[in-house]
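One-based numbering, in listed order, for ligands and for the atoms of each.
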Amino acid sequence: MTRVTYGPDTALLVVDMQNDFCEGGALAVAGGDALVPAINAEMAAANEAGARVVASRDWHPVEHASFREQGGPWPPHCIQDTLGAAFHPDLALPEGTVRVSKASAFDSDAYSAFDGTGLAAFLQRHAVRRVVVCGLALDVCVRATALDAAAAGFATLLLAEASAAVAPSGRQACLDELRQAGVEVFE
Ligand code: VGL
Ligand code: ZN
């Protein structure tokens, strides 16, 4: 059961629930798949209450700057239009879910769903004041997205149980950092 009261002033932002970040993927995050049922329930609750659902996806070109071969930190992942870049097949995106693609320039990375996408202005245009964040990976793109949401002036909630970290050992430090930045963390 969701602990969030959703309404039209709230957006649920589901970050990067893509095959490459789930079991068997190119950059698999332990426990990624297991989040799907909880996120589906959250999306259904949000949608029913008139909250907008937004799903971001990491959407890299070939030879992206973040790939090891190009000197970046990650193995190749989420290459545009590949199976690895597709949303997890069991993710039940409600009709009307807004898709946001990010990190599509060859020469730069973007961890936050707000980075270079115009998402903040889109949400403001729709009178959204509150953003609820979940998904993958807690210590990378979820972290950056929640920090940007708070910095943009949205009341920001993180659903920690609907998020998993690349480096689980850093989980608590990450949650503390988000709290420090004004994000309300639901554990
Ligand atoms: C992500 C590593 C590289 C993420 C994206 O979505 O958390 N992590 N690119
Ligand atoms: Zn990436």
Original post:
Does any N or O atom in Lys102 lie less than 3.5 angstrom from one in ligand 1, N or O only?
Top reply: no

**OP:** Take the angle between the ring planes of His64 and His60 and call it parallel below 30°, perpendicular above 60°, tilted in between.
**Re:** parallel

Subject >> Matching residue for Lys102 among Asp115, Asp109, Asp58 - test: salt bridge (charged side-chain N to carboxylate O under 4.0 Å, His left out) >> reply: Asp58

**OP:** Could you tell me whether the side chain of Ser104 reaches within less than 4.5 Å of the side chain of Gln80, counting heavy atoms only?
**Re:** yes

Subject >> Atoms in ligand 1 with a heavy atom of Asp16 nearer than 4.0 Å >> reply: 4 (C), 6 (O)

**OP:** Just jot down the ligand 1 atoms closer than 4.0 angstrom to any heavy atom of Leu136, in number order.
**Re:** 6 (O), 7 (O)

**OP:** Give the atoms of ligand 1, by number and element, whose distance to some non-hydrogen atom of Asp58 is under 4.0 Å.
**Re:** 5 (C), 9 (N)

Original post:
Can you tell me the N, O or S atom of Asp58 that's nearest the Zn ion (ligand 2)?
Top reply: OD2

Original post:
Which is closest to atom 7 (O) of ligand 1 in terms of heavy atoms, Gly135, Ala137, Ser112, Ala26?
Top reply: Ala137

Original post:
Do NZ/NE/NH1/NH2 and the carboxylate oxygens of Arg171 and Glu187 come within less than 4.0 Å?
Top reply: no

Original post:
Where does Asp109 meet ligand 1, judged by heavy-atom distances below 4.0 Å: at the side chain, the backbone, both, or neither?
Top reply: neither

Original post:
Is there a heavy atom of Gln18 sitting under 4.0 angstrom from any atom of ligand 1?
Top reply: no

**OP:** For Val140, counting its heavy atoms only, list the atoms of ligand 1 lying under 4.0 Å from any of them.
**Re:** 1 (C), 2 (C), 7 (O), 8 (N)

Original post:
Just one of Val29, Leu158, Val133, Val15 clears the side chain to side chain contact (heavy atoms under 4.5 Å, CB included) bar with Leu138, so which one?
Top reply: Leu158

Original post:
Are Val14 and Thr97 close enough, and set up right, to give a side chain to side chain contact (heavy atoms under 4.5 Å, CB included), and what steps lead you there?
Top reply: CA-CA 10 Å; Val14 177; Thr97 297; over 6 Å; no

Original post:
Below 2.8 Å, any N, O or S contact between Cys141 and the Zn ion (ligand 2)?
Top reply: no

**OP:** Could you tell me whether the Zn ion (ligand 2) has an N, O or S atom of Cys78 under 2.8 Å away?
**Re:** no

**OP:** With the side chain counted from C-beta on, respond yes when Tyr6 and Glu48 share a heavy-atom pair under 4.5 Å apart, and no when they do not.
**Re:** no

